[in-house]
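Below is one structure, written out as structure tokens; the observations come after it.
Each chain gets a letter, A, B and so on, in the order its sequence line appears, and its residues count up from 1.
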Protein chains: 2
Amino acid sequence: MRERHAPVRADRGGNPEDGAAVGRRRDPAATKRALLEAACRRFAHEGFASTTVRSIAGDVGVNVALINRYFDSKEGLFEACLRHTLNAVRAARTESGSADLDAVIEVIGEQVTASAWGDGSGDVLLLLLRSSGDERTERLRTTALLEMVDRIALLAPEVPGRSPEVVRLRAQLVLAAAVGAAMLRSARDFLPLAGADAQEIAAPLGDFVRALLSSRAD
Amino acid sequence: MRERHAPVRADRGGNPEDGAAVGRRRDPAATKRALLEAACRRFAHEGFASTTVRSIAGDVGVNVALINRYFDSKEGLFEACLRHTLNAVRAARTESGSADLDAVIEVIGEQVTASAWGDGSGDVLLLLLRSSGDERTERLRTTALLEMVDRIALLAPEVPGRSPEVVRLRAQLVLAAAVGAAMLRSARDFLPLAGADAQEIAAPLGDFVRALLSSRAD
DNA sequence: CTCACAAGTAAACGATTGTTTACAAGCGTA
DNA sequence: TACGCTTGTAAACAATCGTTTACTTGTGAG
């Protein structure tokens, strides 16, 4: 119940395009990346305190000491995960900058249901809810959340007499629904939500998002 | 940064109405209740793994061993917290069984913002998101969540050609928005949500809830 | 080939965790 | 008052945590 993968060594997801990185028995870049991805999954699903560095190293199949070598500390690894996620959020924002509301709703549905993208940035919504208590990582976390809010708020239709503050609050509630759904899905037997796919989530969530962002009153 | 109260002994919140329980230097019932309330707060805000039994005992001002005496284990204390919360949920459901949609929306707003009721059942939404990994407590947690969903689903207006399953999913998304908002509020600087009061939450959330529950399509 | 450095391992470290044990003190009862 | 059970405490327990140290192994440069 503790280990996700068998602790096989194998390759650490080395990309064939990486040239000389194929077949190398020792590949620090691949090892570091594999540790980061395993850490993202563990932290997202179990939280910071429940996750042990030994379980992360075990997922990758390397010694625990490598975590401290590559990331200084468990806290440093967690910070690297948040930074990795923040970059993914920003990349998604720039590449689809001119998306419409329906497209974003679809993305939200995918994010709520996506439980593993392989590259370690699959459980964005869950990871951004986890806290280690450290001040610096807390700022990173809040920054990523607020940038997601901005992205949602920009898509809200213009409504006369509505302050930006109000739009912002409503956009935060949209994000709240997304992270809440992602969180509740972690409870087995919480059906039908726990078993719904992206499409089934996006449909009703779309009603919610549109109502929240296009409403007139305060 | 670790202790919430000064570890003063004082009385453990003994109710003057409790008759002979006033002024007693030793009051096992009050001690047990104080431990339960402190545990609910700690577990809700810090999660199961991050919370130490010593910090809980320190909040109350008693020795750590009393936790094992009264609740067998840390896990037992967590289970007692969930059971306490489940009872609070059921009590709230029966006492206001004939409430309308607006009333429930107001209650949701209060629950999202309520951070301490003193009796230990203040952070219901946060506590029900915390998991210890144990199977039995996981069932308790899911049960409480599903009963809250039922309460919301019962208030959804009748719409022709809409299956109960769809209503249920939408009610779960309403709860998701509530727990998500409660969770995001724990991030300081997540403004304006983090600083909003119950009324400011209830207004936009009401739009959301009504849109989600009264929409026609699936 | 050889050698120096990087990558990875094994084992132990101190600290903290939940839990247990042995003991002190309060309180009702006789 | 004196006794016995309950309530609470102090201290140590074993286990596990994150981290560090000493060591082995692989690999590319000369």
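Considering only side-chain atoms of A:V62, the nucleotide from D:dG18, C:dT9, D:dG8 that sits closest is C:dT9. Nearest nucleotide to the A:N63 side chain, out of C:dT9, C:dT19, D:dG8: C:dT9. Closest contact between the side chain of A:P28 and the listed nucleotides C:dT19, C:dG18, C:dA7 involves C:dA7. Among the nucleotides C:dA7, C:dT19, C:dG18, the one closest to any side-chain atom of A:R26 is C:dA7. You'll find that the side chain of B:R54 is closest to C:dG18, out of D:dA10, C:dG18, C:dG8. Listed nucleotides: C:dA7, D:dT19, D:dG8. Nearest to the side chain of A:Y70: C:dA7. Closest to the side chain of B:A65, from the set C:dT20, C:dT9, D:dG8, is C:dT20. Residue B:L66 has its side chain nearest to D:dT9 when only D:dT9, C:dA7, C:dT9 are considered.
Atoms CG (A:N68) and P (C:dG8) sit 14 Å apart, rounded to a whole Å. To the nearest angstrom, P of C:dT19 lies 11 Å from CD1 of B:I56. Going from atom CD1 of B:I67 over to atom P of C:dG18 covers 8 Å, rounded to whole Å. Protein atom CG of A:L77 is 15 Å distant from nucleotide atom C1' of D:dC17, rounded to whole Å. The CD-C1' distance, from B:E79 to C:dG18, rounds to 17 Å in whole Å. Distance, B:F71 CZ to C:dT19 C1': 16 Å, rounded to whole Å.
For the pair A:T31 and C:dG8, the criterion of a side-chain N or O lying under 4.0 Å from OP1 or OP2 is met.
Crowding of B:Q199 atom CD: a count of heavy atoms from other residues, nucleotides or ligands under 6.0 Å not exceeding 12.
Using a cutoff of 4.0 Å between basic side-chain nitrogens and carboxylate oxygens, A:E147 and A:R151 are not scored as salt-bridged.
Ring geometry, B:F43 versus B:F78: the interplanar angle exceeds 60°, so the pair is classed perpendicular (tilted spans 30 to 60°).
The side-chain heavy atoms of A:I56 and A:R41, taken from C-beta on, include no pair separated by under 4.5 Å.
The backbone N or O of A:D27 sits nowhere less than 3.5 Å from a side-chain atom of A:K32 that would complete a donor-acceptor pair.
Between A:R69 and A:V53, the residue whose closest nucleotide on DNA chain D is further toward the 5' end is A:V53.
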